[in-house]
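One structure is given below, encoded as structure tokens.
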Amino acid sequence: MNLSKETYLKNPCRASALPYWKAVRLAVPEDMLVLHECAFHAGYLTDYTDEPYFRLYHDLQGLPPAVLPDGLQLFDAAPADYGAHISRCYTGMSAVAAEIGSYVQHSVYSADLWVAVRERESGKIAGTGIAEFDAQMGEGILEWIQVSPECRGRGIGTYLVAELLHRIAAKAEFATVSGQVRNPSEPEKLYRKCGFTGNDVWHVLRKK
């Protein structure tokens with residue numbers, strides 16, 4: 001993708017559907033279109049299926065407090081634990097979960113941006129969060145925020161996002177996150193609650 005650093009930094013969420021480090025490496029398949037909301041219209045639905053994604057921005061100012069809910073503790077989890085947890089939280093994620101181990105090979109990998117919490121009594125994983133840091137762009141990128149189904153509603157997701165934002169703020173100038181608009185768990189609400197802003201939506205269109 002022909003995307004300059006300057007263009008991206010002016011408005012990251014409007015300039016690209018993906019973080020810069022991914023966008024410049026990605027070759028969009030011939031049977032797929034990736035369009036910003038401003039270029040999308042219903043006529044595309046005749047030939048394509050549509051999956052819309054929100055993309056939000058955080059200036060890392062006025063960060064929410066990272067308060068670990070009662071009964072939980074931070075712990076050092078292995079990449080395989082993160083992958084297994086993602087797979088358990090959402091069906092159909094086994095292929096993605098299997099790739100989590102390769103994240104440590106990414107140029108944007110940062111060990112301190114992997115956060116896992118577990119129940120003090122049972123030792124079971126309650127939530128995991130993975131973020132990455134692009135030093136070239138000064139960008140922190142939230143990739144995976146997952147809370148075990150039986151642990152939802154306890155503020156764990158809010159804690160994970162807030163904790164990662166505080167860690168990101170120690171070295172980045174801004175942060176971004178994206179997710180499915182139609183995800184039943186409504187992740188956009190969580191991110192906005194934690195201070196993310198913006199109205200950019202990107203449509204991933206796949207040929208029928």
Side-chain angles (χ1 to χ4, degrees), residues 1 3-25 34 36-38 52-70 72-77 82 86 103 106-117 126-147 151-181 183 185-202:
M1 180 178 183
L3 174 65
S4 72
K5 298 176 186 177
E6 293 74 19
T7 297
Y8 183 81
L9 288 173
K10 284 180 181 178
N11 193 342
C13 298
R14 175 63 182 83
S16 173
L18 297 170
Y20 182 82
W21 82 273
K22 286 185 179 180
V24 296
R25 292 168 173 79
V34 180
H36 188 272
E37 178 76 15
C38 67
Y53 289 80
F54 62 82
R55 191 147 194 259
L56 303 176
Y57 178 93
H58 204 300
D59 62 8
L60 301 178
Q61 301 299 309
L63 296 178
V67 181
L68 184 62
D70 292 339
L72 300 178
Q73 63 182 179
L74 285 164
F75 78 107
D76 293 327
Y82 285 85
I86 291 170
Y103 278 35
H106 288 175
S107 61
V108 291
Y109 168 70
S110 186
D112 64 319
L113 298 183
W114 289 51
V115 177
V117 296
T128 54
I130 298 174
E132 297 180 313
F133 172 59
D134 183 352
Q136 182 183 32
M137 306 302 287
E139 178 180 12
I141 307 144
L142 268 64
E143 282 288 349
W144 288 100
I145 305 295
Q146 304 292 336
V147 177
C151 296
R152 292 171 186 169
R154 295 171 55 187
I156 298 172
T158 300
Y159 166 75
L160 291 169
V161 174
E163 178 66 23
L164 285 170
L165 285 174
H166 280 278
R167 296 185 185 197
I168 287 170
K171 49 190 170 184
E173 297 180 20
F174 67 97
T176 59
V177 69
S178 63
Q180 294 174 320
V181 171
N183 189 319
S185 65
E186 300 183 311
E188 185 175 354
K189 288 184 178 180
L190 167 63
Y191 299 128
R192 290 190 181 279
K193 177 182 177 182
C194 293
F196 280 89
T197 62
N199 296 295
D200 291 287
V201 173
W202 288 84

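All values reported here derive from a predicted model rather than from experimental measurement. The analysis underlying the following values was restricted to heavy atoms, covering all of them including side chains, and did not include hydrogens, waters or symmetry mates.
- Side chain of Tyr20 to backbone of Ser4: no donor-acceptor contact under 3.5 angstrom is found.
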List the atom pairs, with distances to 0.1 Å, where a side-chain N or O of residues 130-137 and a protein N or O form a donor-acceptor pair under 3.5 Å, not counting sequence neighbours.
residue, atom, partner, partner atom, Å
Glu132, OE2, His106, ND1, 2.8
Asp134, OD1, Gln136, N, 3.0
Asp134, OD1, Met137, N, 3.4

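- Nearest heavy atom pair, residue Val34 against residue Ala17, reads CG1-CB, 3.7 Å.
- Taking 4.5 Å as the limit, some side-chain heavy atom of Trp21 sits within range of a side-chain heavy atom of Ile141.
- The side-chain heavy atoms of Ile145 and Val177, taken from C-beta on, include no pair separated by under 4.5 Å.
- Considering only heavy atoms from C-beta on, Leu63 comes within 4.5 Å of His58 through its side chain.
- For Asp112, the side-chain hydrogen bond (donor to acceptor under 3.5 Å, both in side chains) partners at least two apart in sequence or on another chain are Ser110, Lys171.
- Between Leu3 and Ala23 the shortest heavy-atom distance is CD2-CB, 4.3 Å.
- Using a 4.5 Å cut-off on side-chain heavy atoms (C-beta onward), Ile168 and Leu142 make contact.
- Taking the side-chain contact (heavy atoms from CB on, under 4.5 Å) definition, one finds that Ala162 meets it with Pro64, Ala66, sequence neighbours left out.
- Residues that satisfy the side-chain hydrogen bond (donor to acceptor under 3.5 Å, both in side chains) test with Tyr103, not counting sequence neighbours, are Trp144.
- In this structure Glu37 satisfies the side-chain hydrogen bond (donor to acceptor under 3.5 Å, both in side chains) test together with His203, sequence neighbours excluded.
- Checked against side-chain hydrogen bond (donor to acceptor under 3.5 Å, both in side chains), Lys10 has no partners two or more places apart in sequence or in another chain.
- In terms of modelled atom types and a separation under 3.5 Å, the side chain of Arg55 and the main chain of Pro12 share a donor-acceptor contact.
- Not counting sequence neighbours, the partners of Glu186 by the side-chain contact (heavy atoms from CB on, under 4.5 Å) test are Lys189.
- Rounded to the nearest 0.5 Å, atoms CG (Leu56) and CZ (Arg192) are 5.0 Å apart.
- Counting all heavy atoms, side chain and backbone alike, Glu173 lies closest to Leu60 at C-CD1, 3.7 Å.
- In this structure, Leu165 and Phe196 have side chains that are in contact, with non-hydrogen atoms separated by less than 4.5 Å.
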Intermediate values then yes/no, side chain to side chain contact (heavy atoms under 4.5 Å, CB included), Thr158 and Leu190 | CA-CA 7 Å; Thr158 300; Leu190 167 63; 3.5 Å; yes
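- Put simply, the side chain of Trp202 does not reach to within 4.5 Å of the side chain of Cys13, judged on heavy atoms.
- Arg154 pairs by the salt bridge (charged side-chain N to carboxylate O under 4.0 Å, His left out) definition with Glu119, not counting sequence neighbours.
- The two atoms that bring Pro19 and Tyr8 nearest to each other are CA-OH, 3.4 Å, heavy atoms only.
- Between Leu72 and Tyr159 there is no side-chain heavy-atom pair separated by less than 4.5 Å.
- The salt bridge (charged side-chain N to carboxylate O under 4.0 Å, His left out) search around Lys193 returns none, not counting sequence neighbours.
- Checked against ring pair (Phe, Tyr, Trp, His ring centres under 6.0 Å), Tyr53 has no partners two or more places apart in sequence or in another chain.
- With sequence neighbours excluded, the residues that form a side-chain contact (heavy atoms from CB on, under 4.5 Å) with Val181 are Pro52, Phe54, Val201.
- Minimum interatomic distance between Ala172 and Gly138 (heavy atoms only, all atoms of both residues): CB-O, 3.5 Å.
- Not a single donor-acceptor pair under 3.5 Å links the side chain of Arg14 to the backbone N or O of Asn199.
- Looking at residues two or more places apart in sequence or on another chain, you find a salt bridge (charged side-chain N to carboxylate O under 4.0 Å, His left out) between Arg167 and Glu163.
- Considering CD of Glu143 and CD1 of Ile86, their distance stands at 9.5 Å, rounded to 0.5 Å.
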